[in-house]
Amino acid sequence: MSAVFGERIMDGRVAVITGGGSGINLAIAERFAELGATVGLIGRTQAKLDTAAGEIVKSGGKAAGFPADVRDYDALAAAIAGAREKFGEIDIVVCGAAGNFPAPALGMSANGFKAVVDIDLLGTFNTCRAAFEHLKRPGASIVNISAMQSFIPIAMQAHVCAAKAGVDMLTKTLALEWGPQGVRVNSIAPGSVDDTEGMKRLAPTSQARDTITSMIPLGRFAQKREIADLAVFLCSDAARFITGAIMVCDGGQSLASMRSGLMGGGKP
Ligand code: COA
């Protein structure tokens, strides 16, 4: 693929990425590292973080893992402080840790609903809140990973729709509060992204995948790297006047209305 961004445009920058051990968030970490940033990966499982960070280092990047569950404020704050101590002042925070399972509202317990809201929404708040004191100000940039569920109701996704709508309002509120201090806060709302845990859960069969693909104007799922490139853009000087924005990256998928049962392979 031709170069979308000049080499090393993130040299000298420090990024902390929650959920950075896998999926879209790892792709973001890899892309940032490839462009010169030092990346701190936060996630629940030390071994997963070590493997991910090890691969980045093997490819010539700078990375380390800092284990914490984003639902546990104190552990998360300690992990972020650890990243700052090791790498220096933080330029970029990506709040990507998320949970999902397809289930109708009547098929999930209050605790199931809460688990997803706690990881996605509370976890994003916790990360932004705990990172703020370590941010380079002015100049820092926060990217929250949302989803098209934040503005399109999708059956079997009540927990995710509620959580991601909250994430986007949090993005806008923090942009308002922290803009005067030179901290930009934006959301990325991906559509269907290839080779992710989320899509394995939401489109487990080739039939479900084909149905979804037929609704995407650009005719395919996104590649993780395409979401990562949007994150690079949002954290770059090219986006210096963008804050509080919800950047949809879905090949036009959200333009088509989602009907019940299209995701998750069945009617609730
Ligand atoms: N249908 C209905 N309820 C479900 C469920 C499903 N498929 N999967 C989990 N739950 C419920 C559990 O039954 C539990 O509720 P209960 O205590 O009333 O029984 C509740 O969700 C929490 O489950 P638990 O496994 O204890 O939570 P966890 O914190 O370990 O895991 C999840 C969180 C459920 C979101 C889990 O799917 C996860 O860890 N996901 C991370 C990876 C991921 O989802 N990636 C995709 C991101 S888009």
Side-chain angles (χ1 to χ4, degrees), residues 17-29 41-49 51-52 65 67-73 75-76 94-127 143-168 187-205 208-209 212 221-224 226-228 230-231 248-250 253-254 258 260-268:
I17 301 167
T18 68
S22 61
I24 292 171
N25 306 310
L26 176 54
I28 292 172
L41 311 178
I42 293 182
R44 281 184 286 183
T45 316
Q46 173 93 58
K48 198 167 155 184
L49 298 178
T51 304
D69 187 323
V70 293
R71 293 171 285 190
D72 178 344
Y73 188 86
L76 177 66
V94 177
C95 300
N100 197 352
F101 54 83
L106 294 179
M108 69 178 79
S109 65
N111 197 42
F113 185 89
K114 182 175 182 297
V116 169
V117 171
D118 279 358
I119 298 169
D120 292 25
L121 178 53
L122 181 63
T124 298
F125 172 79
N126 285 347
T127 306
V143 174
N144 295 328
I145 305 301
S146 179
M148 60 182 188
Q149 281 92 325
S150 77
F151 55 93
I152 294 182
I154 296 177
M156 322 272 280
Q157 291 281 272
H159 46 357
V160 175
C161 290
K164 294 298 193 184
V167 166
D168 285 349
S187 279
I188 293 178
S192 300
V193 184
D194 246 342
D195 192 24
T196 58
E197 180 62 29
M199 284 322 295
K200 271 179 218 148
R201 290 170 188 233
L202 296 174
T205 64
R209 199 188 147 88
I212 293 169
F221 281 29
Q223 299 301 306
K224 286 179 283 194
E226 290 167 333
I227 310 302
L230 178 52
V248 179
C249 186
D250 68 349
Q253 183 175 356
S254 55
M258 302 299 288
S260 89
L262 280 183
M263 308 283 275
K267 278 190 183 294

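Indexing begins at 1, ligand by ligand and atom by atom, following the structure's order.
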Proximity to ligand 1 by part of K114, non-hydrogen separation under 4.0 Å: neither
Atom 45 (N) of ligand 1 protein-contacted, heavy-atom criterion under 4.0 angstrom: yes
Mutual orientation of the aromatic rings belonging to F101 and H159 [parallel < 30°, tilted 30-60°, perpendicular > 60°]: perpendicular
Donor + acceptor pair across side chains of N100, E197 (<3.5 Å): no
Heavy-atom closest contact (I212 atom, A203 atom, distance): CD1-CB, 3.8 Å
Residue, atom name and distance, where the atom is the protein heavy atom closest to atom 27 (O) of ligand 1: A115 CB, 4.5 Å
Non-hydrogen atoms of I28 and I17 that approach each other most closely: CG2-CD1, 4.2 Å
Protein heavy-atom partner closest to atom 18 (O) of ligand 1 - residue, atom, separation in Å: S109 OG, 2.5 Å
Nearest non-hydrogen protein atom, atom 43 (C) of ligand 1: A98 O, 3.7 Å
Atom 24 (P) of ligand 1 within contact range, any protein heavy atom under 4.0 Å: no
Closest approach of S254 to V248 (non-hydrogen atoms, all atoms of both residues): OG-CG1, 3.9 Å
Distance filter under 4.0 Å to R71 heavy atoms, resulting ligand 1 atoms: 29 (O)
Heavy atom of protein inside 4.0 Å of atom 12 (C) of ligand 1, strictly below: no
Exercise check, heavy-atom protein proximity under 4.0 Å to atom 32 (C) of ligand 1: no
Residues D194, R209: salt bridge by 4.0 Å N-O rule: yes
Protein heavy-atom partner closest to atom 36 (C) of ligand 1 - residue, atom, separation in Å: R201 NH1, 4.1 Å
Nearest neighbour in protein (non-hydrogen) for atom 17 (O) of ligand 1: N111 ND2, 2.9 Å
Heavy-atom donor-acceptor pair, S187 side chain to D168 backbone, under 3.5 Å: no
Closest approach of K164 to I145 (non-hydrogen atoms, all atoms of both residues): NZ-O, 2.9 Å
Ligand-residue contact atoms, ligand 1 with R44, heavy atoms, under 4.0 Å: 29 (O), 30 (O), 38 (C), 39 (O), 41 (C)
Protein heavy atom at shortest distance from atom 6 (C) of ligand 1: F101 CD1, 3.2 Å
N/O donor-acceptor pair under 3.5 Å between Q253 side chain and S192 backbone: yes
Under 4.0 Å to a heavy atom of G107 - the qualifying atoms of ligand 1, by number: 2 (C)
Minimum heavy-atom distance G21-A52, with the two atoms named: O-CB, 3.9 Å
Close-contact set for ligand 1 against G112 heavy atoms, below 4.0 Å: 11 (C), 15 (O), 20 (C), 21 (O)
